[in-house]
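Report on one structure; see the data block that follows.
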Number of protein chains: 2
Amino acid sequence: MIHLNLHDPRPMYEQVVDQMEMLAVRGVLEADSRLPSVRQMAMELSLNPNTVQKAYSELLNRGVIYSVRGKGNFVSSDCSRIRQQKLDEIRSAIARLIHQAHELGATTQQCNELLQSFMEVEQS
Amino acid sequence: MIHLNLHDPRPMYEQVVDQMEMLAVRGVLEADSRLPSVRQMAMELSLNPNTVQKAYSELLNRGVIYSVRGKGNFVSSDCSRIRQQKLDEIRSAIARLIHQAHELGATTQQCNELLQSFMEVEQS
DNA sequence: CTGAGTGTACTAAGCGTAATAGTACACTTG
DNA sequence: CAAGTGTACTATTACGCTTAGTACACTCAG
């Protein structure tokens, strides 16, 4: 389910968080479906249970999952809000990049052409 | 010249590198002009000389500056290549973000609208 | 009820990077 | 020659990531 990349400089727990979040938001993981337990996930990924616990805590913090003591961790029922939030973050990131391009001396026209190059034609 | 942000999670030397690079690429720092010495810059920024040295080493590595033993560090004469390289990185970053938006379930049309929203009208 | 499995919360240790501190050496310039 | 410079080390401290181990409250199947 999760694929860890040892060459990725980011910490393991962060990779787990990002991939789980993506799976939940995309609907690959059904709402209210149960996730592997902390210990089981740790076994599968060859990680320490504490590392997985840290990832689950972060996911809980972001509202992607909810925890039930003695039962397990479950996918949150409203991931659409998370999805919209992530799209907003993407929007902000692009804004920062365009601003940075301007700082590098790119003209408005050059920035427009840059953006234009990513426009795709709709398949009919 | 340089402004350090203690709340920025990135290491100090990285902040120095990025800001110096931006100043050099934008032409704020003239080509072949001399930079503050390692020790002087360390004084100004309240950093250890070693930290500044690390930043200068990275800038040397990127081709932004060149060093002359016993004389000082100087702004590289051809920063246009660096500028183009940074613009290419911005292009790649936007590509990744658009790809991420698609992964989040955004349609091609929604991505186009997102890009369109950053298009600016040329001032005449 | 009992025991296995679960989430959760600690402490301790090892490891790597960032940063500071100090020293040393080769070089350039006045 | 002396001051200032780049450069290269070592040692130390601090912090975050990770592993390891333990402990406790809870749920559920038996």
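Note on naming: letters A, B, ... go to the chains in the order of the sequence lines (proteins, then strands), and numbering restarts at 1 for each one.
As rounded to whole Å, 14 Å separates atom C1' of D:dG6 from atom CD of B:Gln40. B:Leu4 places its CG atom 16 Å from the P atom of C:dA18, with the value rounded to the nearest Å. Summarising the geometry, the separation between CG on B:Asp8 and C1' on C:dA18 is reported as 14 Å, rounded to the nearest angstrom. If you take CE of B:Met41 and P of D:dT7, they are 14 Å apart, rounded to a whole angstrom. In this structure, B:Phe74 places its CZ atom 12 Å from P of C:dT28, rounding to the nearest Å. Here the P atom of nucleotide D:dG16 and the CD atom of A:Glu58 are 15 Å apart, to the nearest Å. In this structure, CG of A:Leu6 is placed 15 Å from C1' of C:dG16, rounded to the nearest angstrom. Counting to the nearest Å, the P atom of D:dT19 and the CG atom of A:Leu45 are 10 Å from each other.
The side chain of B:Ser37 lies closest to D:dG6, out of C:dT6, D:dG6, C:dG7.
More than 12 heavy atoms of other residues, nucleotides or ligands sit less than 6.0 Å from atom CE of A:Met119. Heavy atoms from other residues, nucleotides or ligands lying under 6.0 Å from NE2 of B:His99 number 12 at most.
In the model, B:Gln15 has no side-chain atom that pairs as donor or acceptor with a side-chain atom of B:Gln19 under 3.5 Å. A donor atom on one side chain and an acceptor atom on the other are not found under 3.5 Å apart for B:Asp32 and B:Ser77. No donor-acceptor contact under 3.5 angstrom links the side chains of B:Ser76 and B:Arg81, judged on distance only.
Both B:Tyr56 and A:Ser46 lie close to DNA chain D; mapped to their nearest nucleotides by heavy-atom distance, the more 5′-ward contact belongs to B:Tyr56.
Of the residues in residues 9-20 of chain B, those lying under 4.0 Å from DNA chain C by heavy-atom distance are B:Pro11, B:Met12, B:Tyr13.
Under a 4.0 Å N-O distance rule, the pair B:Glu58/B:Lys54 does not qualify as a salt bridge.
Residues A:Lys71 and A:Arg34 form no side-chain contact, since every pair of their non-hydrogen atoms from C-beta on lies 4.5 Å or further apart. The side-chain heavy atoms of B:Thr107 and B:Asn112, taken from C-beta on, include no pair separated by under 4.5 Å.
The shortest distance between the side-chain N/O atoms of B:Thr51 and the OP1/OP2 oxygens of C:dT20 is below 4.0 Å. At least one side-chain nitrogen or oxygen of A:Asn73 sits closer than 4.0 Å to the OP1 or OP2 atom of C:dG7. Residue A:Ser67 has a polar side-chain atom (N or O) positioned under 4.0 Å from OP1 or OP2 of C:dT8. The phosphate of C:dA19 (OP1 or OP2) has no side-chain N or O of B:Lys54 nearer than 4.0 angstrom.
Put simply, CG on A:Leu97 and CZ on B:Arg96 are 9.0 Å apart, with the number rounded to the nearest 0.5 Å.
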### Message
Does the protein touch nucleotides 22-30 of chain D at the base, only the backbone, or not at all? Give it as B, S and - per nucleotide, heavy atoms under 4.0 Å.
### Response
-B-BBSS--
